[in-house]
Protein chains: 2
Amino acid sequence: MDVKSLELEVNLLHERVCSALSDTTRIMILYLLAERDMFVNEIADELDAPQSTISRHLKVLRERNLVSTERQGTAVLYSIVDRRIIQSLDLMRAILNDQIRADAEITRTRS
Amino acid sequence: MDVKSLELEVNLLHERVCSALSDTTRIMILYLLAERDMFVNEIADELDAPQSTISRHLKVLRERNLVSTERQGTAVLYSIVDRRIIQSLDLMRAILNDQIRADAEITRTRS
DNA sequence: TCCTTATATGCGGATAAACGAATATATATT
DNA sequence: AATATATATTCGTTTATCCGCATATAAGGA
């Protein structure tokens with residue numbers, strides 16, 4: 001794949017997926033929804049954040065098709081669309097944990 | 001895992017990994033380095049970007065231990081540290097491609 | 001219809017991130 | 001020491017993003 005084609009695809013990747021992960025609260029929302037479907041105010045309670053903040057983050061995730069909604073009366077239930085986004089985050093967590101382990105090892109053996 | 005512990009880990013995850021992926025140019029750099037180790041000005045040439053821009057992005061990746069360096073004379077060779085970052089990006093690309101395919105299918109069958 | 005609950009959004013302000021030009025630093029060569 | 005090459009950093013500016021308050025919208029119940 002040449003650089004120009006890759007650039008087109010990476011632009012989309014960034015716009016539609018990666019940019020959604022560039023905020024701690026949005027990552028937290030994804031992990032909460034990985035456990036179970038939740039209503040907006042349930043998420044806001046769990047994360048101890050204003051409802052408007054959570055709604056705004058949910059909008060970002062919704063626009064990118066990372067979460068879907070189902071209205072139930074006056075409430076809206078959110079859920080994960082594609083669990084591979086969690087796999088992807090977990091891979092990064094694994095990288096991070098290995099980094100931390102390696103750092104600790106360096107500190108330990110430097111005596 | 002309780003929400004507080006998860007929050008601590010997710011903060012680190014965001015700071016040290018995800019935030020590195022929140023820019024198209026940095027993602028491009030990672031994909032270029034996935035192909036082969038490269039010098040700064042090789043990357044700048046490939047991406048048709050000013051050298052200062054590339055250096056600054058490389059600094060972000062370096063600070064997060066996602067790339068490593070080896071000086072060769074006056075030049076510095078950059079390489080990927082942990083290829084799982086590419087796996088993680090590829091997973092997101094797969095999600096994106098399935099989204100696009102699904103959108104196309106909806107458009108096709110709406111006749 | 002009026003009120004309540006749940007969610008979404010408009011707004012202004014604050015913060016952070018990106019940019020390229022210019023300059024500084026580091027290494028190698030003469 | 002002087003010069004050349006490669007990379008890193010400083011600077012001021014621009015652009016994007018996040019925040020919470022206040023308000024708007026949507027659905028259900030009295």
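Chain letters run A, B, ... following the sequence lines, proteins first and then strands; every chain starts at 1. Fair warning: this is a prediction, and the values are worked out from it, not measured in the lab.
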Under a 4.0 Å heavy-atom cutoff, the residues of residues 31-39 of chain A touching DNA chain D are none
Any side-chain heavy atom of A:M28 sitting closer than 4.5 Å to one from A:R26? no
Q) Is there side-chain contact between A:I54 and A:T25, with at least one heavy-atom pair below 4.5 Å? A) yes
Using side-chain contact (heavy atoms from CB on, under 4.5 Å), reason through B:Q99 and A:L12 one step at a time and then give a plain yes or no.
CA-CA 11 Å; B:Q99 275 182 20; A:L12 264 188; over 6 Å; no
Kindly say if B:K59 contacts the phosphate of D:dT9, meaning a side-chain N or O under 4.0 Å from OP1 or OP2. yes
So the contacted stretch of DNA chain C, first to last nucleotide with an atom under 4.0 Å from a non-hydrogen atom of chain A, runs from C:dT5 to C:dC11
Sequence neighbours excluded, the answer for salt bridge (Lys or Arg N to Asp or Glu O under 4.0 Å) partners of A:D82 is A:R84
Does B:Y78 belong to the same Ile/Leu/Val/Met/Phe/Trp/Tyr cluster as B:L32, with side-chain heavy atoms less than 4.5 Å apart forming each link? yes
- Message: Grouping I, L, V, M, F, W and Y whenever their side-chain heavy atoms are under 4.5 Å apart, do A:V60 and B:L13 come out in a common cluster?
- Response: no
- Message: Looking at B:E63, I'd like to know if its CD atom is crowded, meaning that more than 12 non-hydrogen atoms belonging to other residues, nucleotides or ligands lie closer than 6.0 Å.
- Response: yes
Residues 2-12 of chain A vs salt bridge (Lys or Arg N to Asp or Glu O under 4.0 Å), sequence neighbours excluded, gives A:K4-A:E7, A:E9-B:R93
Bend of the helix from C:dT1-D:dA30 to C:dT30-D:dA1 from end-axis comparison, five pairs per end, nearest 10°, comes to 10°
Please check: side-chain N/O of [X] versus main-chain N/O of [Y], any donor-acceptor pairing under 3.5 Å?
X      : Y      : value
B:S22  : A:S19  : no
A:T107 : A:D103 : yes
B:S88  : B:I85  : no
A:S55  : A:S52  : no

Readout for nucleotides 17-30 of chain D: B = base within 4.0 Å of protein heavy atom, S = sugar-phosphate only, - = neither; 5' to 3' it is -SSBBB----BS--
